[in-house]
Amino acid sequence: MALQACRSLIALAPTALLSLYPLPALAQTTASREPIKLGAVISATGAIAGVGLPEREGILLAQKTLNARGGVNGQPIEILIEDDASSPDVAVSKVNALVHSHKVKALIGTSGIAQTVAVGGITAPLKLTQIAFSGLGPAVERERTCVFHITPSQELNARALLSYVRDMKASKVGVLHDSGYGQVVWNSMKDLAGEFGVTWSQVEKFEIAATDLTTQAAKVRASAPEAVIVISTSPMPFRNARQVRLTAPIISVHGTATYDYVKAMGDAADNIIHAEFLIAEDPLPHQREFVDLFQKEHGRLPKHFEAAGWDAVMSLAQALKTAGPDAANEALCSAMRRPYQGVMAKFDFSAPDMGGLTLASFNYSKLVKGKFTRLDYSAAK
Amino acid sequence: MSASLVMQAILSGITNGFVYALIGIGLAVIFKGTQIINAMQGEFAVIGAMVTVFALEPAGLPYGLSILLGVISGAAAGVIIDRLFVQPMMRQRAGEESFLLLTIGLAVTLSAAVLYLAGRNSYLLPSWGEEGVIEILDAFLQIQALWLIGTAIIVVVGLRLFYGRTLLGLSMMAASMDPDGAATNGINVRRMRSLTFLLGGTIGAIAGILVAPLVAVNYHMGIALTLKGFAAAILGGLSNPLGAVLGGVTLGLLESLAVVGFPSGYKDVIALAMMIVIMIVMPNGLLGRVGRIGG
Amino acid sequence: MSGVVELQSLPSRPPHLPATLELSGIAHSFGGFKVLSDVNFAVPQGQIVGLIGPNGSGKSTCFNIVSGFLSPKAGRVLLSGRDMAADSIQARTRQGLMRTFQTPKVFERMSVLENVMVGLHKDGRSGILASMLRTPSARRELDRLRNTAEGACRKFGLGKLLDAQTGRLPAGQRRVVELARAYVGAPRLLLLDEPSSGLNTEEIEQLRGWIAMLNSEGMTILLVSHDMGLMTIADTVHALYFGEIIASGPMTAIQADPRVREAYLGG
Amino acid sequence: MNKLRRSLLLLLLVLAWALAPLLLSRHLIDLFVFAGLFTIGGLGVGLLLGQCGIVNLAQALFYGIGAYSSAYVTVQLGLPSLTGFLAGMLASALIAIAVGWPVLRLTGFFLALATLALSLIGNVLFFEWDWLTGGTLGIGGIPKLSIFGFAFDTPERVYYLVWPIAILVLLLADNLVRGRPGLAMRAMRDAAPAAEVLGVDMHRLKTAMFVICAMLGSLAGSLFAHYVSYISVQSFTVERSIAFLLIPVVAGSASVWGIIAGALFVTFIPELLSGFGDIHQVLFGLALVLVVTLLPDGLIGGADRLAQLLKRRMA
């Protein structure tokens with residue numbers, strides 16, 4: 001037994017040795033002064049990489065821009081970006097490394113709800129400032145007052161969709177949602193029917209990885225809805241809905257309002273309505289600077305996930321300016337707690353949901369030939 | 001429950017069934033020729049489709065040529081994998097589980113490679129013929145689905161003739177069933193195995209290229225395709241390519257009809273549970289007996 | 001043959017009676033093709049009975065039916081007068097039946113000693129939990145199994161190879177391992193399937209000695225082979241040809257039988 | 001002399017293990033804790049693969065059952081954590097019997113794919129039964145494990161808990177493999193018909209081992225749930241099942257103690273490779289393929305061969 005254990009050790013020696021080296025720093029520093037270290041964990045691979053990758057681009061652009069403009073009170077920032085592969089346990093492990101080994105001042109991310117809830121368990125007791133890309137999730141997050149949220153809670157998403165449905169005078173609504181993200185939004189939406197004066201004509205759920213749901217779409221069509229809400233992280237329901245000639249207007253949540261999804265939807269994308277944030281083809285005045293910078297950097301238009309990455313860094317930088325680079329965790333966290341005009345929307349991080357988005361934060365777009373066009377509609381009365 | 005809904009379920013079931021069938025046929029061909037279950041058959045489809053996508057758009061080649069390139073890349077992938085990995089392991093007389101682990105490892109690697117090279121986006125190919133749908137009883141079938149079904153049938157008939165009527169086909173069968181005996185009869189067993197992988201890769205790539213106009217392909221769809229294809233092949237009986245078609249269509253119909261009656265979240269549970277039960281109860285599949293006599 | 005003396009001095013083996021085997025009206029077919037039709041023969045207690053026949057004559061099928069790997073389409077197999085139709089392979093083992101295989105099926109990634117220890121599996125009791133916890137009784141039992149197996153190995157001249165990996169042994173020695181493994185379980189009826197194939201003349205001579213020994217140790221033996229030389233050890237030989245017994249008797253008589261000569265030579 | 005050297009080496013190893021948390025960074029300790037969890041869960045898969053020749057791709061299912069049992073019992077029912085461990089292991093054992101008894105009639109590829117299907121079914125059910133599992137949102141606020149009032153609330157403390165458990169189950173497994181059932185298992189793996197003839201009740205033995213594997217998976221899952229205090233479906237996917245299978249494959253499946261090497265490999269190598277950026281998954285996949293092709297006996301077998309080669313050189 002001892003011998004075998006020794007053999008295991010020999011086989012492992014290289015691994016063990018290598019693992020003692022610190023993680024490579026992923027970001028370059030440009031200024032000479034000791035940079036302020038920030039951590040970011042996003043999903044660059046795995047199921048929700050479609051959200052994580054644009055967030056990373058926004059973060060990198062913000063870092064570059066901020067440092068070029070003199071950083072935080074003359075001190076540059078350095079963001080260590082890690083990939084959690086869309087998995088909560090990997091996220092926990094990466095955050096542990098960033099917080100305890102690299103001593104980051106604050107954490108940006110994570111991309112998904114599950115990951116955010118998971119890593120909140122590490123940051124909350126330390127009162128470490130965390131700016132999550134997910135909306136406010138389960139009850140436990142209400143007590144985590146240093147975990148701020150850049151995107152709306154699921155209930156707010158649901159309300160944004162239902163407002164539009166109500167105001168287009170539709171009362172019979174069909175729903176197609178997946179069993180992951182779609183289920184989460186649906187759970188917050190289903191009990192709001194009465195409040196918005198709608199009835200569910202047919203609700204169909206499908207697996208996240210499903211490649212064909214024409215039958216589900218046909219079932220929704222058979223219920224003769226006046227509007228259809230699609231909540232999914234896959235382009236398939238949109239394509240299938242069009243294939244079975246589902247002619248009722250399709251309204252969808254901001255998660256699918258990206259160019260990648262639109263491309264994957266093919267010609268089925270036309271006329272889909274999104275309750276979203278950044279319509280780069282026709283930006284609001286406070287969004288223009290970011291859109292121009294992004295377009296110059298990447299040669300294409302950004303969506304709100306890129307903007308969310310940018311806003312996370314910039315709002316954090318503002319708090320750092322106020323609290324000072326050596327502020328204690330709690331001081332930085334309370335410096336965060338105030339209104340902030342971001343690119344995506346106007347936030348109020350002192351709100352009870354640690355994000356302060358409202359129905360007024362939403363912009364509504366309609367897809368026309370693969371482009372998002374602004375609708376003249378606002379959910380706020 | 002309306003007639004049009006049932007009709008729609010049937011049409012989608014058949015379409016999906018032929019997708020599963022094409023993957024299943026590839027699996028059956030490789031199993032027949034090498035006694036290996038190729039857990040990366042779905043990856044061949046992804047490779048074929050992705051090469052076609054990139055030949056068509058950034059490279060700007062005509063569609064026909066792009067398709068040809070896609071098919072060739074699938075075939076090449078098959079041969080390369082055989083030469084690089086399968087043959088050395090055959091020489092070591094590796095066991096069944098080693099080959100399964102190898103092909104799983106390759107599936108993981110290739111999927112990661114596609115992610116690295118092509119990104120995480122989903123890609124659609126244009127339809128083969130004219131875009132559009134056919135309406136039957138207020139239900140819809142995409143014209144591309146007809147291309148898919150037609151090609152699957154041609155592939156099955158072709159394979160049947162190939163294995164039954166040509167010397168090469170017979171030699172490939174012999175090399176697999178009795179390698180030592182075949183070798184003494186002057187058949188180059190190694191070459192036959194390479195050809196089997198070439199054939200498997202080709203069929204896989206064709207499947208991917210046919211599916212891509214219906215379902216957007218992405219780097220991680222290979223494993224799901226493999227599993228459904230395997231279920232189809234098992235249902236029909238692994239020894240018979242025709243079985244894969246029957247198995248695929250049965251599976252597809254069952255899935256889509258189940259959606260009509262049950263909460264649709266359980267679709268995969270039903271399909272997979274059925275696959276397990278069939279393996280236990282009917283080890284030779286629905287066409288097992290026919291398969292054995294007909295070869 | 002030094003083995004004879006040693007074999008008899010093997011430590012305390014439970015005394016047991018050799019079994020009898022009776023096949024009556026056995027018929028079998030594969031996919032409509034008749035392999036055996038109405039085969040009847042008996043292996044009397046303590047005797048060695050041989051079964052010869054050219055390839056495809058049905059010897060192996062007959063063997064697989066007796067050992068429980070196939071169930072016959074018709075007919076009965078009686079072990080010491082008891083019908084075995086409903087018995088699983090393991091149940092037959094418990095009743096004292098043991099077989100070897102045409103190509104020796106040794107446990108290739110285990111040592112020679114371990115191979116032979118598996119031959120004693122059915123005599124052991126300690127289960128998973130006891131073995132995990134290494135209870136005193138499990139430890140004692142394992143020691144007992146090891147000692148008995150080691151003794152058996154030495155009887156078959158494997159004393160120097162106890163720790164050798166069986167898969168690396170030459171074909172002849174694998175057969176010896178298989179024989180030792182069959183022997184150690186003290187069966188009452190031993191079925192030997194082509195035991196001499198792949199052996200050289202010297203090894204075959206040794207094998208003859210061992211078969212005689214096993215027989216003298218109280219095992220009834222059914223021997224399948226197309227090796228006419230080895231068959232002279234049998235008390236009675238049955239010649240199988242296209243699923244039927246065409247001749248029975250002592251080997252010398254069988255060799256002289258014109259039908260057998262025709263079957264073998266005139267093929 | 002040799003024995004003395006061996007004991008000395010062992011002592012050194014234990015010392016290194018005991019002192020490691022004092023010297024290593026928190027992140028490394030964290031990884032070592034995960035390696036310990038994977039050792040426990042991987043051992044089950046390793047026993048099936050290495051001793052019984054069964055490819056089990058369903059371990060994430062039992063890992064999940066353990067984790068959800070612990071989460072549900074402690075968070076929803078407010079019962080002590082030990083109850084969660086027991087409930088998980090009992091549920092896993094029952095499911096393993098109910099599923100294993102029919103499924104283990106299959107062999108080879110078919111069995112492997114049946115277990116893969118089980119893993120997928122498990123994942124879909126974890127999604128669907130969100131009243132129990134919390135679905136995508138998962139279950140948070142799982143209390144840290146506490147035994148007799150001592151809370152295992154830092155990675156260091158969990159490190160000192162998980163590894164002794166891992167060593168204990170490895171010891172039990174080692175005993176089992178060397179005992180009478182172990183011989184029967186390996187016999188069944190090497191030549192099933194011969195084992196059957198020798199009176200090995202293969203189906204029962206396989207089912208029993210499947211149950212043990214499931215219970216180990218469940219144990220690891222419960223420990224995992226208490227350690228990260230938050231679980232969701234993403235942790236119990238088919239990828240996790242594949243990772244569990246890789247542990248014995250990388251190690252050399254027949255080696256019991258080698259499982260440690262396999263677990264360390266699947267924990268640390270992706271971490272190291274992630275320094276190479278987005279290509280790291282390709283590299284990891286390639287590393288696996290190369291291990292399967294070039295080292296049929298895994299790292300342990302490779303190390304053995306290397307040692308022999310060196311010995312011959314020196315002589």
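Note on naming: letters A, B, ... go to the chains in the order of the sequence lines (proteins, then strands), and numbering restarts at 1 for each one.
- To the nearest 0.5 angstrom, A:D83 atom CG is 6.0 Å from D:H280 atom NE2.
- In terms of heavy-atom pairs under 4.5 angstrom with chain D, the leader among A:S101, A:G137, A:S93, A:A44 is A:S93.
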Review point. Which is it for A:S86 and D:Q234 under the side chain to side chain contact (heavy atoms under 4.5 Å, CB included) test, yes or no, and what are the steps along the way?
Key: CA-CA 8 Å; A:S86 304; D:Q234 279 95 325; 5.7 Å; no
Point to revise | Candidate pair D:L137 and A:I113, rule side chain to side chain contact (heavy atoms under 4.5 Å, CB included), full reasoning | key: CA-CA 7 Å; D:L137 281 180; A:I113 305 172; 3.1 Å; yes
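- Taking the side chain as every heavy atom from C-beta outward, D:I231 and A:D89 never approach each other to under 4.5 Å.
- How far CG of D:D130 is from CD of A:Q183: 5.0 Å, rounded to the nearest 0.5 Å.
- By the salt bridge (charged side-chain N to carboxylate O under 4.0 Å, His left out) test, D:E239 is found to be paired with no residue, residues two or more places apart in sequence or in another chain being considered.
- For D:L31, the part sitting under 4.5 Å from any heavy atom of chain A is the side chain, from C-beta outward, and nothing else.
- For the pair D:E128 and A:S179, the minimum side-chain heavy-atom distance is below 4.5 Å.
- Closest of all the heavy-atom pairs between D:Y230 and A:P88 is CE2-CB, 4.1 Å.
- Using a 4.5 Å cut-off between heavy atoms, D:S235 touches chain A through backbone and side chain atoms alike.
- Salt bridge absent: D:D30 and A:K94 never bring a charged side-chain N and a carboxylate O closer than 4.0 Å.
- With rounding to the nearest 0.5 Å, the separation of CG in A:N96 from CD1 in D:I29 is 10.0 Å.
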